[in-house]
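Atoms within each ligand, like the ligands themselves, are counted from 1 in listed order.
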Amino acid sequence: MLPDVARAWEHLQRVAQELFTRYGYEPVYTPLFEHTEVFSRGIGEATDIVSKEMYTFEDKGGRSITLRPEGTASVVRSALEHNLTANGAQAKLYYAGPMFRYERPQKGRMRQFWQIGIEVLGAAEPTADAEVIAVLWGYFEALGLPRESMRLLLNSMGDDACRPAYRDGIAAFIRAHSADLCDECDRRAATNPLRAFDCKNPACREVMAGAPLLRDELCEACASHYAAVKTHLDALGIPYVEDSSLVRGLDYYTRTVFEIQVEAGLGSQNAIGGGGRYDRLMEAYGGPATPGLGFALGFERTLLALEAAGVGIPAPPRAEVYVARVDDTVTAEVFGLAQRLREAGIAAELDHQARSLKSQFKQADRLGARFVVIVGPDELAAGEVTLRDMGTKEETRVALGIAVDAVIAALG
Ligand code: AMP
């Protein structure tokens with residue numbers, strides 16, 4: 001990532017830090033690789049991620065190691081390891097960093113990509129679901145993505161009380177329609193039947209459109225949780241579309257799942273962020289029952305979506321002021337003045353390549369400097385320097401001793 005892209009990256013991270021902090025989330029950093037088991041146990045053996053997409057290798061000690069394909073498993077693993085949710089405590093965490101999946105690369109789909117995400121551990125209330133969704137929605141809005149370009153999909157995946165029977169029902173449905181489904185979906189009947197809803201094959205989509213909906217078969221507790229999440233979203237004025245085919249790729253989800261898609265710029269990889277509730281995940285690691293939920297969003301896709309919506313990334317000037325030297329007899333004063341400006345909090349630049357005065361001006365322009373301080377032997381003899389406004393081309397003489405204050409005043 002060269003500076004233009006890296007700058008956008010940092011902007012995305014800054015906006016996230018500011019927003020997430022306002023909602024009470026704290027940063028967490030997890031390792032880029034973990035024991036393979038952390039992912040296979042948490043995400044689920046039958047998922048696409050674990051069965052086909054992980055970068056897994058053996059280290060010199062004979063351990064099976066995997067480059068992290070997502071953030072949630074590691075965050076929950078570390079929360080358990082360090083007792084963050086002991087005695088009913090709640091933890092609200094956010095992370096950002098590269099993830100690795102061996103997928104077929106295409107626009108918006110890379111094998112190393114960046115995610116930023118949040119997790120709430122220890123919170124079962126539907127307000128937590130609505131908060132997490134509000135943070136995701138609010139993040140894209142804070143970046144400047146217009147509301148109309150986003151679509152928030154919402155679904156409930158039920159829990160252990162209602163999903164198993166539904167799962168079996170879908171498996172039976174798949175077997176009954178196997179002649180019209182692709183081989184992969186046919187295979188899913190045995191491994192992960194709900195994933196058949198996610199198949200991109202048009203024939204499969206048509207068949208699955210006729211399948212029973214989990215939304216209609218939720219147990220009472222899940223139905224009322226789901227209803228409350230919708231009520232809270234309505235109260236926040238966040239528009240959503242209920243989509244019962246939204247099942248998401250990971251085994252650990254229970255109840256609320258959601259995804260934000262964009263209309264333009266991404267083709268088939270149009271999901272910019274998503275997440276859900278995973279009330280059984282901590283138990284999968286041998287911990288106590290601890291409700292949890294979160295989201296992850298992709299940096300690359302977010303940037304593509306912003307680009308498609310015509311939203312720019314603010315690019316601060318690389319220098320506000322350029323300190324130019326007329327000849328090399330004043331080098332020490334130029335270097336000293338640039339340093340004092342920087343210490344005063346001003347982005348200042350100077351020439352390190354023995355350029356002519358003319359090419360120093362050009363350089364100042366390229367860097368976006370609003371002012372150039374010209375230091376020459378004659379002015380210096382009088383204890384002064386020249387302050388040139390690059391916009392108006394106006395020049396004023398100021399005493400060297402107050403040059404820093406003069407620049408601050410000129411910059412406003
Ligand atoms: P997931 O962890 O699969 O729910 O993905 C969450 C978000 O991460 C997606 O909405 C995408 O924005 C992003 N993402 C997932 N996989 C990739 C990938 N291979 N390349 C780029 N972005 C991805």
With a cut-off of 3.5 Å and sequence neighbours excluded, list every side-chain donor-acceptor pair involving residues 79-90.
residue	atom	partner	partner atom	Å
Glu81	OE1	Arg77	NH1	2.8

Discussion item. Heavy-atom distances under 4.0 Å decide this one: backbone, side chain, both or neither, for Gln115 against ligand 1?
Written reply: side chain
Worksheet item: Given that the side chain starts at C-beta and the backbone is N, CA, C, O, which of these parts of Arg109 lies under 4.0 Å from ligand 1, counting heavy atoms, or is it both or neither?
Response: both
Which atoms of ligand 1 are found less than 4.0 Å from any heavy atom of [X]?
{"X": "Gly273", "result": "10 (O)"}
{"X": "Ile272", "result": "10 (O), 12 (O)"}
{"X": "Glu103", "result": "16 (N), 18 (C), 19 (N)"}
{"X": "Ala296", "result": "6 (C), 7 (C)"}

Discussion item. Hydrogens and angles aside, do Arg14 and Gln17 bring a side-chain donor and acceptor to less than 3.5 Å of each other?
Written reply: no
Practice prompt. For the residue pair Gln360 and Arg355, confirm or rule out a side-chain donor-acceptor distance under 3.5 Å.
Written response: no
Item to complete: Please determine if Arg340 and Glu343 form a salt bridge, counting it only when a charged side-chain N lies under 4.0 Å from a carboxylate O.
Response: no
Worksheet item: Any nitrogen or oxygen of Glu300, main chain or side chain, under 3.5 Å from a nitrogen or oxygen of ligand 1?
Response: no
Discussion item. If you measure every N or O of Gly298 against every N or O of ligand 1, does any of those distances drop under 3.5 Å?
Written reply: yes
Discussion item. Taking side-chain hydrogen bond (donor to acceptor under 3.5 Å, both in side chains) as the criterion, tell me which of Arg301, Lys107, Glu300 meets it with Gln269.
Written reply: Arg301
Fill in: Nearest-option assignment for atom 10 (O) of ligand 1, heavy atoms, candidates Gly275, Gly108, Ala271
Ala271
Worksheet item: Taking the six-membered ring of Tyr226, is NZ or CZ of Arg255 closer than 6.0 Å to its centre and within 45° of its axis?
Response: no
Discussion item. Does the plane of the ring in Tyr139 sit parallel, tilted or perpendicular to the ring in Phe20? Use 30° and 60° as the thresholds.
Written reply: tilted
